[in-house]
Amino acid sequence: MADTKIEIRNLYKVFGSNPEAAMKHVHAGLSKQELLDQHGHVLGLRDINIKIKPKRIQVIMGLSGSGKSTLIRHINRLIEPTEGEVIVDGEDILAMLADELREFRRHKASMVFQRFGLLPHRTVSQNVAYGLSIQGIGEAEAVERSQRWIERVGLAGFEQHFPAQLSGGMQQRVGLARALATDAEILLMDEAFSALDPLIRTDMQNILLDLQEELHKTIVFITHDLDEALRIGDEISILRDGEVIQQGDPQSIIMRPADDYISDFIKDINRGRVLEVRSIMEKTNRATGPKMGMKTPLEDALQQLVGAGKDSGAVTGEDGKTIGKITMANAIAAMARPDREIEGQRYK
Amino acid sequence: MEFFNEFPEMGRSDLRDFKKAIDFGFRSFSRAYGDALESFFDPLLQFMIWFEKLLINSPWPIILAVIALLSWLGSRSWKLVFGSVACFIVIGYFGMWENTMATLAIISVATLVCIGLGIPLGIWMAKSNRVQATITPVLDVMQTIPSFVYLIPVVMLLGIGKVPGLIAVCIYAAPPIVRLTNLGIRLVDEEVLEASDAFGANYKQRLWGVQIPLALPNIFAGVNQTIMMALAMVVIASMIGVRGLGVPVLQAVSNQYLALGLMNGLAIVAIAIIFDRVSQKYGERLQAYRKGNGNG
């Protein structure tokens, strides 16, 4: 239990006039399209099961319409499920009374929104202090306590500005600081960086990763951008048409895509930069050649091998001991796309 | 064939009985509860009398100073302050000071009553679709029914005087503030509300911390409209015994006094324009935060 912070069990969400009745058809095995055509209900989520580990970044990835934003809103119950359970720290969110739920939202889980969701009539510092003032802390103290988060996200000097006076990237920094200021252990980020320019997005990802190194929050991060998912996710769940089609760490998803849909997704990524040597090494405690950490990207590993003029190298664990061996042949093979994909390419 | 040429109406005597029954019913209701209603409204009447006396009996320079101060607080514009003061000086110079003060008194009280009843009603409407569906047609009736029609029962109940006048003005002037409060709250950005929910705001925190502040520009537009419509009712209110600029206009109509009608009519226009400009400026200032300064 201690290894799971948030557990989502058999979660279903049907949108429409009579979701309960429609659930019968879902259990009978109707597809999303059939349910829509025959019964006029939209199947938002189907049988979602995800265990989210504490202090990690769980990415939920999917294209628009896959149900990812619906899913994240079940964690703090902004949306009520049609069926299923959401357990946080052993506590059933769906059994909570209105008061308990408010306390949960105030102290335990905060949220960052795609279009920021800032209060336009409050200044930056009042916005960041919002969560605290909702908790009942006086405005002055709330503003004072939130000051360090304003500085932490690099907004010092902008305290008295209104959101409309800031750029998108800066507005989302306000959104991030607001979410951090309540000291909630869980951070829900709904496409938090999707509305930003690519450069600013990378910037925000860095800020998030830096913060995470220090704060160790349980972060649920929704995105439609695979690069972003691979970059920040410790774990990734891929959602399509309301169903989870693959879960795992980024390495395993790239090495073993579950189906054509995912292969298609990952075909354009730079495998050399995303894959790490640990995913392709042969396990052994004796190896020769240049030493490299197990999280070295393939690209760098190849460079080191070529530079050293060797055919293989030693992979070291976090303690510096050799844990595996990487060969040139393996590294090059891993750079190629998986078979499934190559077959698909033949027809082009 | 006759059936198609003549509308099949109710029998003449039936119709007469029907009307009589309603009249009789209302008359006996009025006899039974008229006094009670009158004493219910008595505090309001006392307040209106006191306020009107205050405006009329205060030395005119003080009133001018207050007008200047209020328009400065509202608009922060010297142009408007000078304009308002100049208008009132002209009005006073042409001998309409006292009537203008009486009109200001009833307009102010009517506006206060409309705000006091209308904003909570608008909030309630925004909270529930069913309430909205119930109240909207009532507001439609209030705004479109000819004023004279509701003057009849009001006068039957309360006689002639300030209170029935005030009620008549309020019936006509309250709908915009109710509507715009409701609309303003409903127009608040969903994502901002969701954010407020996500941080655990309760109904009160959501209402006072997010919905009302963000609806304020619309609510204020409602106040502005309410004032304008109250002014439009000044002449009709004077028909049932409300003092003010409407009385000379009424005299002018029945005696064909062109100058008298024009002067008092223009005085009403001047007050309307002052109220409108000052309150609009105030409304603009309320939403200053919406303006970016271009570094986005």
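Here is how names work: the chains are called A, B, and so on, in the same order as the sequence lines, proteins then strands, and each is numbered from 1.
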Where do [X] and [Y] come nearest, in terms of heavy atoms and distance?
| X | Y | answer |
| --- | --- | --- |
| A:G117 | B:A195 | O-CB, 3.4 Å |
| A:I134 | B:F199 | CG2-O, 3.3 Å |
| B:A198 | A:F113 | CB-CZ, 3.8 Å |

Contact part of [X] toward chain B, heavy-atom cut-off under 4.5 Å: side chain, backbone, both or neither?
| X | value |
| --- | --- |
| A:R178 | both |
| A:A109 | backbone |
| A:T123 | neither |
| A:L188 | neither |

So CG of B:N202 and CG of A:D99: to nearest 0.5 Å the spacing works out to 8.5 Å
Here the gap from A:R77 atom CZ to B:D197 atom CG, rounded to the nearest 0.5 Å, amounts to 12.5 Å
query: Heavy atoms, side chains only, cut-off 4.5 Å: are B:V192 and A:F116 in contact?
result: no
**Q.** Heavy-atom side-chain contact between B:E194 and A:M111 under 4.5 Å
**A.** no
Counting heavy-atom pairs under 4.5 angstrom with chain B, the leader among A:R73, A:Q114, A:Q171, A:H107 is A:R73
Pair count under 4.5 Å, heavy atoms only, with chain B: among A:Q135, A:H121, A:R102, highest is A:H121
Taking everything shown except [X] itself, do over 12 heavy atoms lie less than 6.0 Å from its [atom1]?
| X | atom1 | result |
| --- | --- | --- |
| B:F47 | CZ | yes |
| B:Y282 | OH | no |
| A:E144 | CD | no |

Expected contact set for residues 169-191 of chain B against chain A at heavy-atom separation under 4.5 Å reads B:D189, B:E191
